[in-house]
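Structure, as structure tokens:
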Protein chains: 2
Amino acid sequence: MVLRKEAIKKKTGGAYRHGDLKTAMKRAALRLVQEKGPRGFSINEASRLAGVTVAAPYRHFADKESLLAEIAVDGNVLLLQQVNEAVSRVSEVKQKMLESGMAYLRFSANHPDYFKVMFGAGLDRSKYPEAERTLRSCFDVIWELSHLIESTPELAAQRAVSGWALVHGLATLTADGSLATAIKPQTHLEHLRPLVQRFLDQPYSTTT
Amino acid sequence: MVLRKEAIKKKTGGAYRHGDLKTAMKRAALRLVQEKGPRGFSINEASRLAGVTVAAPYRHFADKESLLAEIAVDGNVLLLQQVNEAVSRVSEVKQKMLESGMAYLRFSANHPDYFKVMFGAGLDRSKYPEAERTLRSCFDVIWELSHLIESTPELAAQRAVSGWALVHGLATLTADGSLATAIKPQTHLEHLRPLVQRFLDQPYSTTT
DNA sequence: ACACATAAGAGAACGATGTTTACATTGAGC
DNA sequence: GCTCAATGTAAACATCGTTCTCTTATGTGT
């Protein structure tokens, strides 16, 4: 059913068909969001960049927000890959937890364009099950690691939620420059490692 | 220089002058952002709500983004007030730290409209010094408390940054529903208190 | 080789939006 | 009562999101 099209540009000169407008639009959108922020992206300008009429993208996306949503999905999948890869590089459980967090931070630093679309574009994820699902699958990695570390489900949930929150907070605050004034010299994200490390070293044993 | 205008509605019937269009526009914008998300707010609809022509708001705001920026400043000030108040209610330093975090979470829960504009509208704070300054002053509260708790500036900075990140992450993730699947039953933010509490209980002594 | 169904763009049109400009109305102070 | 600044209206413009209808490659079966 789904027609998988290779992005091979046939050398037909000008080319009436674009070849792969879908990814071209995504790339243009990412670029615009990166350059001018989430509210600086328009379908018109993106299609201009792709060298195509404004109506053409509507063959590939239902509307503007769906375009953003598909990009968000791509970002989520990419994030999941990188987190999984980082986790699989170490064997000890707490190490896995640490590396998952660092992978998250690395992602937000290396792909600020995706990150902005995923979390800074005011996207209503509840309207896009695929976006919800892929993001959730990222969280599940942390969730399951927490359950291997902690003895009770309550403690595991708490560790997962607060770990995710800490890392996500660090990522968003650095992404939008809120932390720029506080940790000026450290642009290198490895400086954030002790923060995550220390968080992991919490006793996390008693009380409810 | 600045004309401080009281929002007193003269009973002049229909009223050519609005009375206080500035705050009326802010309120309308907050309502729209709350109802339909950051991208669901338009100057046109907001001025319609305020019962005024689309051009009228431009007497009070340079452009759409400036309007958002002013609302963000209001939100920052409100946040600072509530954090300060919460801090002053307890005497012990670590308690102050805890209460500042809880005040932050309370703010995000009680004023989701302001919070969305402040952090979820893709606002470029670097273009609005006042927004940057007021947000920074909120962070300074945590910053100074950290320096009272920790012995070295490095540890203090780390505690401040990670504390701010943890709380901000919890706030944003719950605000946009990302955590809804993980902590379903707990809508009451007091459930988040142990997370912050536990974070505070970290030894935070050795290593760099 | 050919006709044809179809995917994918073109082009024009619509209403809504952000913003500017020129003009009108109001109230306050002299 | 006149003037002036503040604040509104009305109309205009470019841009945007979106939807039509029409056109053109493309590849498939015969």
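Letters go in sequence order (proteins before strands), and every chain restarts at 1.
Other residues, nucleotides and ligands place no more than 12 heavy atoms under 6.0 Å from the CZ atom of B:Arg31.
Per the geometry, CG belonging to A:Leu32 stands 14 Å off C1' belonging to D:dT15, to the nearest Å. What separates CE of A:Met25 from C1' of D:dG17 is a distance of 12 Å, to the nearest Å. B:Tyr58 places its OH atom 17 Å from the C1' atom of C:dA22, with the value rounded to the nearest Å.
Taken residue by residue, residues 59-75 of chain A places heavy atoms nearer than 4.0 Å to DNA chain D at A:Arg59, A:Asp63, A:Lys64.
Judged purely by distance below 3.5 Å, without hydrogens or angles, the side chains of A:Arg125 and B:Ser178 pair a donor atom with an acceptor atom. Inspection of the B:Thr23 and B:Asp20 side chains reveals an N or O donor paired with an N or O acceptor under 3.5 Å. In this model, a donor atom of one side chain and an acceptor atom of the other lie less than 3.5 Å apart for A:Ser126 and A:Asp124.
Two residues, A:Gly51 and B:Val54, neighbour DNA chain C, and the one matched to the more 5' nucleotide by heavy-atom proximity is A:Gly51. Nearer to the 5' terminus of DNA chain D, by closest-nucleotide assignment, is the contact made by A:Glu45 (compared with the other of A:Ala55 and A:Glu45).
Cation-pi check for B:Lys22 over B:Phe61 is met; the charged atom lies under 6.0 angstrom from the ring centroid and within 45 degrees of its normal.
Of all nucleotides listed (D:dG8, C:dG9, D:dG17), D:dG17 comes nearest to the side chain of A:Ser42. Among the nucleotides C:dG18, D:dG17, C:dA10, the one closest to any side-chain atom of B:Ile43 is C:dG18.
Between B:Thr53 and D:dG8 there is no side-chain N or O to OP1 or OP2 distance below 4.0 Å. In this structure, B:Asn44 reaches the C:dT17 phosphate: one of its side-chain N or O atoms is under 4.0 Å from OP1 or OP2.
Among the atoms of the strands shown, none is found under 4.0 Å from any heavy atom of B:Arg39.
For A:Ser100 against A:Ile142, the heavy-atom pair with the smallest separation is OG-CG1, 4.2 Å.
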